[in-house]
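Read the structure below first, then the notes.
Note: hydrogens, waters and symmetry copies are ignored here, and every other heavy atom, side chains too, is used. Values in this document were obtained by computation on a predicted structure and should not be read as measured data. Counting convention: from 1, in listed order, for ligands and their atoms alike.
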Amino acid sequence: MSKIKPVDLMSELVSLCKRKGFIFQSSEIYGGINSCYDFGPLGVALKNNIKKLWWETMTFRSDIEGIDASIIMHPRVWEASGHVENFTDPLIDCKKCKKRFREDNIEDKKQCPECGGELTEARNFNLMFKTFIGPVEDKASIAYLRPETAQGIYVNFLNVQGSCRQKLPFGIAQIGKAFRNEITPGNFIFRTREFEQMEMQYFVYPEQADEKFEYWKEQRIKWHRDVLGLNGESLRFHQHGANELAHYAKDAFDIEFKYPFGWQEIEGIHNRTDYDLKQHMEYSKKDLKFFDEGKKERITPYIIETSVGVERTLLTILVNAFTKEDDKNGERIVLKLHPRVAPYKAAIFPLVKKDGMPEIARKIEDDLRSEFHIFFDMSGSIGRRYRRQDEIGTPFCFTVDGETSKDETVTIRDRDTMEQKRINISDIRETLRKRIAL
Ligand code: ATP
């Protein structure tokens, strides 16, 4: 395998994403817009696979319910949550070149790291996007695009608990868009201003919080490793020190991944205590306590939060999968995606465009389509067709050849080992099922 330098890996990945239809720059024909991206056919397939896997892991259990709250909420929500006051980054401007920096990202607070110019004092910049509700753009009509999905869950805590007759401990899961006017977006889709979060808030008795916090830490790192197939050695925990903890958190761990640009957070697991529910009770004047039938008392639960970005997970999966290997024709690029997340599960090829091969191949394709996302290709040499699938991470290719019409078999070619075997057409479906579930 040839070794790729980290900086080359990122630029190769960006170019592959565009070339193959994973990710495009938003509004590209107008010159693009900074840090906004569009997901192409393969990108959206990968994204949907990630969301489905997360959703099933979280909600296919009796103690977690799902919701889908609105993006625009009552503006008081963001006062109660602390976002209006605290969701800020300290911002510094260069008086000479006018560039902006996050204070915590620059070492010498006096001189611009770009041009050496004089810097302004730091001032707090709120990361929430503002908008207006209704036709009048005044202070009374200000609303915010949510900077996290969590608050939509907290304000619905009793609605969900009551309607689903849940008891502590139980959780509420949600996938949805969040918006942050980040000062320093970057590293491709790692940090953007619009992104999707997959958040689960687990409501517990206060005395259970430490135990459930440990439980969710383990569950979440296992998910990245065993369900998404990320390399365990590229994953680690990072505990927040006192100066990193958010205003609401008692304890927080990040799951970090080793990206080409260093170890960075992929997911946060937080013990948010009873902060959020207490704040909402104070600001809304509504009682959000849980009534414990057994103890005959009202309890304000503690909340253990797990929060992960969809696009960041997608980038992590691509970085983890991107491989360049020497082979007999020079070099091949392979996305070694777990079959579970791969956009296409299989490709079907007729070896040549005659002798009934395309018809048999189409029949196999039609048969599999009801269950799997399948690619069909009959153009170019078989070797090139394999390479094209390697680059987009399709784990299996089935080729219909001269033998097929005689014995009802096809070759199955494995993306990672490049091994080819013959199997019966009638076994294809079951083989795919088994390999995806591994
Ligand atoms: P940071 O300190 O890096 O700005 P954060 O600690 O505020 O991030 P959280 O609020 O814990 O991040 O967000 C939870 C998850 O949401 C992150 O782990 C990440 O996967 C995702 N996320 C947060 N901000 C962004 C962003 N700007 N772009 C893409 N994903 C994001």
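Taking only non-hydrogen atoms, the option from Glu194, Gln264, Gln197 nearest to atom 16 (O) of ligand 1 is Gln197. Of the listed residues (Arg312, Arg180, Glu267), the one carrying the non-hydrogen atom nearest atom 9 (P) of ligand 1 is Arg180. Here atom 28 (N) of ligand 1 lies nearest to Thr192 when heavy atoms of Leu127, Ile255, Thr192, Val308 are compared.
Using a 30° and 60° split on the angle between ring planes, His270 and Tyr248 fall in the perpendicular class, above 60°.
Ranking protein heavy atoms by distance to atom 4 (O) of ligand 1, first place goes to Arg191 NH1, 2.8 Å. The protein non-hydrogen atom at the shortest distance from atom 14 (C) of ligand 1 is Ser307 OG, 3.0 Å. When only non-hydrogen protein atoms are considered, atom 25 (C) of ligand 1 lies nearest to Phe195 CZ, 3.4 Å.
Glu148 and Gln197 form no side-chain donor-acceptor contact under 3.5 Å, judged by distance and modelled atom types alone.
Less than 4.0 angstrom separates atom 2 (O) of ligand 1 from none of the non-hydrogen atoms of the protein.
Ion pairing between Arg369 and Asp366 fails under the 4.0 Å rule for side-chain N and carboxylate O. Salt-bridge check for Glu265 with Arg191: failed, with every basic side-chain N at 4.0 Å or more from each acidic carboxylate O. A salt bridge links Arg435 and Asp414; the closest N-O separation between the charged side-chain nitrogens and carboxylate oxygens is under 4.0 Å. Salt bridge Arg146/Glu199: absent, no basic N to carboxylate O contact under 4.0 Å. The pair Asp108-Lys110 fails the salt-bridge criterion, with no side-chain N (NZ, NE, NH1 or NH2) lying under 4.0 Å from an Asp/Glu carboxylate O.
Set against the non-hydrogen atoms of Phe190, the atoms of ligand 1 under 4.0 Å away are 28 (N), 29 (C), 30 (N). Those atoms of ligand 1 that come under 4.0 Å of a heavy atom in Glu182, given as number and element, are 24 (N), 26 (C), 27 (N).
The proximity of Glu148 to ligand 1, defined as any non-hydrogen pair under 4.0 Å, does not occur for either the backbone or the side chain. Contacts between Ile266 and ligand 1 below 4.0 angstrom, taking non-hydrogen atoms only, involve the backbone exclusively.
Judged by the 6.0 Å and 45° rule, Lys295 forms a cation-pi pair with Tyr205.
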Begin from the C-alpha positions of Tyr259 and Phe261 and carry the test ring pair (Phe, Tyr, Trp, His ring centres under 6.0 Å) through to its verdict.
CA-CA 5 Å; Tyr259 296 94; Phe261 42 88; 5.0 Å; yes
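Ligand 1 is never approached by Glu199 to a heavy-atom distance shorter than 4.0 Å.
Annotation: Glu265 places an N or O atom under 3.5 Å from an N or O atom of ligand 1; distance criterion only.
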